[in-house]
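Along the sequence shown, residues are numbered consecutively beginning with 1.
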Amino acid sequence: MTTARDKLQYAGDYTIEKLKIHTIKGFFDLSNTMVQLDLFENIFSHAISGSLVFVDTDNILINCPIVGQEYLELKISSPGISGTDAIDFSENVLSVYKIGYVNDISKGGQMVELHLISPEFLKNQRLRVSKFYEEQSTDQIIEDLLTNTEYIDTKKDIFLNSTKGSRNILSPNFHPFDLIKNITTESNDELSSNGEVNFHLFFENTKGYHFKSLSYLYGQPTNNDFHVGDIGTIDKTKKELDSLERVISHERVNSNDMLQNIVSGLLGSTLTVHDIYNKKYDTYTYNYFDSYDQKFPRIHRERSNPVYFNDIIDSKNRTVGDFENSRIHLMSRSGDTKNKFYSSSSSTDSGGDISSISNGSNLLARRAKFAELTGMINYNIKVTGHTSMRVGETINFFVPTVGNPHGQGRIDKYLTGVYLVKQLRHSFYRSPKKHEVAMSISKDSLYSSLGRGDIEEPKRTGNAFVTRLLSSGGDYGGM
């Protein structure tokens, strides 16, 4: 039987199915005293975090007491929206690890803030791994670290990209997530073709743990469509569904920062690998426009159109990607590293039975790719929320043109398209009751090509005029 709470009342509606705090004296239901609940996800983070603000009229903060060792049982859903999953921490609970502010609001009540985090993250900080993994792939090692009862021992769902090759890894008393972070940098997809490289991430969202490559994340079907526009329908239900696709606010941030992209090595960089044992060194270079050729074909979801013009910028016929020495990296190793600590192969290995990600040029490409997530096309947007929004998924964002479109339409043909959700915050408010989601999203290429043109720096003809200033005598060069 369909109840009123199963139907969509308004955009941003939500249902608290469960909100209980487990203390040493039992559990307390906070669903009627909650003021605000925030949940944070990040593709660069190994844990979900959050905060809960509630009104305490029973003085449970002291009577229990709450000290930062409690657990929160939580389940929230979006009614009336087909295909949405609830945010469910009823079986895999959240940990209360910190008491935030405590403010008196009346003689008989106080406002309390509790900080939340995945219990696996606390367990990670308590434990260390001293173990030798022999002839195992990266995904097998990560699965063991997450499910082994001696380590993280999570019961959450785990999503793993299968990886190439096997390796021998010795963990020298590392925290489990630190070891995962290190081996993630040297992993490649099992389905990668010759010369194709995929860069991986390990993160948690409300669906579980994910070990996935950037090419997989950008290549997956989009989860939502968002646009900036006005209400265009009269039907109430359709109107509320349209509101879920409408952007409340949007801001372009940290985009096309040429100075940052030069300094970070995004546009060009060099790596020198020094082999102490064999007394030799190898040098590798990276050019931004190399990432748009056939070497990295699966990374780019739509069309492989670079964000910068691939045109000559100076009299030496160089592009913005031809300055490899703008960022220099130095790495040291000693002989054959195949059987050493979390290092899979020599720096000159082109593949073999191990992933080619440890090749020097691929390491530079990986650094550049991750710098791109912060220094290229990025937006902060706020939308009306539902509980199936997560980091690590892709959305379609239709960026509007501003002012005179000059016959190009009302949608920006360069910036519109598929974006990866990097960071996300679910905010559930009590009064007025609404669910909003703030997201940081990133795009790895333009939907349409910039074309070609002359962008060489304009300079005056002739040489610069040089004045040599005297240390004494009052000659200031006519100044």
Side-chain angles (χ1 to χ4, degrees), residues 1-19 30-41 48 50-54 74-89 205-207 221-252 379-400 410-412 415-441:
M1 177 184 241
T2 302
T3 66
R5 296 306 302 141
D6 295 326
K7 297 180 180 180
L8 180 65
Q9 303 297 315
Y10 56 88
D13 188 17
Y14 64 88
T15 301
I16 299 178
E17 299 184 31
K18 195 172 291 185
L19 186 61
L30 303 179
S31 57
N32 293 322
T33 58
M34 182 204 83
V35 175
Q36 181 175 339
L37 172 67
D38 292 285
L39 295 175
F40 304 93
E41 302 175 22
I48 289 177
S51 64
L52 170 67
V53 179
F54 68 97
L74 166 68
K75 187 174 182 180
I76 298 181
S77 60
S78 297
I81 305 175
S82 61
T84 58
D85 301 321
I87 295 176
D88 191 354
F89 291 98
N205 63 20
T206 54
K207 201 172 183 179
T222 55
N223 192 35
N224 292 279
D225 295 337
F226 295 106
H227 63 88
V228 180
D230 299 322
I231 297 173
T233 181
I234 298 176
D235 179 74
K236 183 178 185 299
T237 302
K238 182 65 166 57
K239 173 181 173 181
E240 300 304 336
L241 290 174
D242 285 348
S243 296
L244 292 172
E245 299 181 352
R246 191 171 301 109
V247 174
I248 298 172
S249 64
H250 70 286
E251 176 189 16
R252 190 172 175 183
Y379 278 90
N380 289 337
I381 67 174
K382 182 184 289 185
V383 299
T384 303
H386 62 76
T387 52
S388 282
M389 296 181 184
R390 307 179 185 94
V391 298
E393 298 186 340
T394 54
I395 63 171
N396 284 310
F397 181 38
F398 297 91
V399 182
R410 294 295 178 182
I411 299 298
D412 192 311
L415 300 179
T416 290
V418 175
Y419 283 78
L420 175 66
V421 180
K422 300 185 301 181
Q423 300 173 357
L424 182 148
R425 184 186 74 231
H426 287 279
S427 295
F428 300 91
Y429 302 98
R430 167 67 69 184
S431 181
K433 187 180 180 182
K434 62 179 179 178
H435 175 197
E436 291 184 346
V437 171
M439 293 184 285
S440 175
I441 60 177

### Considering all heavy atoms, the nearest Leu244-Phe226 contact
O-CE2, 3.2 Å
### Query
Is there a side-chain contact between Asp85 and Arg390, using heavy atoms and a 4.5 Å cut-off?
yes
### Query
Hey, which of Leu424, Ile87, Val391 is the one that makes side-chain contact (heavy atoms from CB on, under 4.5 Å) with Thr206?
Ile87
### Query
Is there side-chain contact between Val247 and Met439, with at least one heavy-atom pair below 4.5 Å?
no
#### Entry: Point-to-point distance, once rounded to the nearest 0.5 Å, from CD1 of Ile48 to CZ of Phe89
4.0 Å
### Query
So, Thr222 side chain and Thr394 main chain: donor-acceptor pair closer than 3.5 Å or not?
no
### Task
Any chance you could measure Met34, atom CE, to Leu52, atom CG, to the nearest 0.5 Å?
7.5 Å
### Task
Look at Asp412 together with Arg252 and state whether they make a salt bridge at an N to O cut-off of under 4.0 Å.
no
#### Entry: Closest contact, heavy atoms only, Tyr10 versus Lys433
OH-O, 3.0 Å
### Message
Consider side-chain contact (heavy atoms from CB on, under 4.5 Å). Of Val421, Val383, Thr84, which one does Met389 pass it with?
### Response
Val383
### Query
What distance separates Lys75 NZ from Glu17 CD, expressed to the nearest 0.5 Å?
4.5 Å
### From Glu245 atom CD to Asn396 atom CG, the distance as rounded to the nearest 0.5 Å
10.0 Å
### Message
Quick check: closest heavy atoms across Val437 and Gly385, and the distance to 0.1 Å?
### Response
CG2-CA, 3.6 Å
### Message
For a quick test of reading the model, state the closest non-hydrogen atom pair linking Thr387 to His426 and the distance between them.
### Response
CA-CE1, 4.4 Å
### Message
So, taking the atom named OG in Ser31 and the one named CG in Leu37, what distance separates them when rounded to the nearest 0.5 Å?
### Response
12.0 Å
### Message
Does Ile381 form a side-chain contact (heavy atoms from CB on, under 4.5 Å) with Tyr419? I'd like the steps, not just the answer.
### Response
CA-CA 12 Å; Ile381 67 174; Tyr419 283 78; over 6 Å; no
### Task
Go through the steps for Tyr379 and Leu415 under the test side-chain contact (heavy atoms from CB on, under 4.5 Å), then give the verdict.
CA-CA 10 Å; Tyr379 278 90; Leu415 300 179; 3.3 Å; yes
### Nearest non-hydrogen partners of Tyr14 and His435, listed with the distance
CD2-CB, 3.9 Å
### Query
Atom CG in Asn223, atom CD in Glu393: separation rounded to 0.5 Å?
4.5 Å
### Task
Considering non-hydrogen atoms only, spot the tightest contact between Glu41 and Asn205 and give its length.
OE1-CB, 3.0 Å
### Message
Tell me which one of Leu30, Asp88, Leu39 satisfies side-chain contact (heavy atoms from CB on, under 4.5 Å) with Leu74.
### Response
Leu39
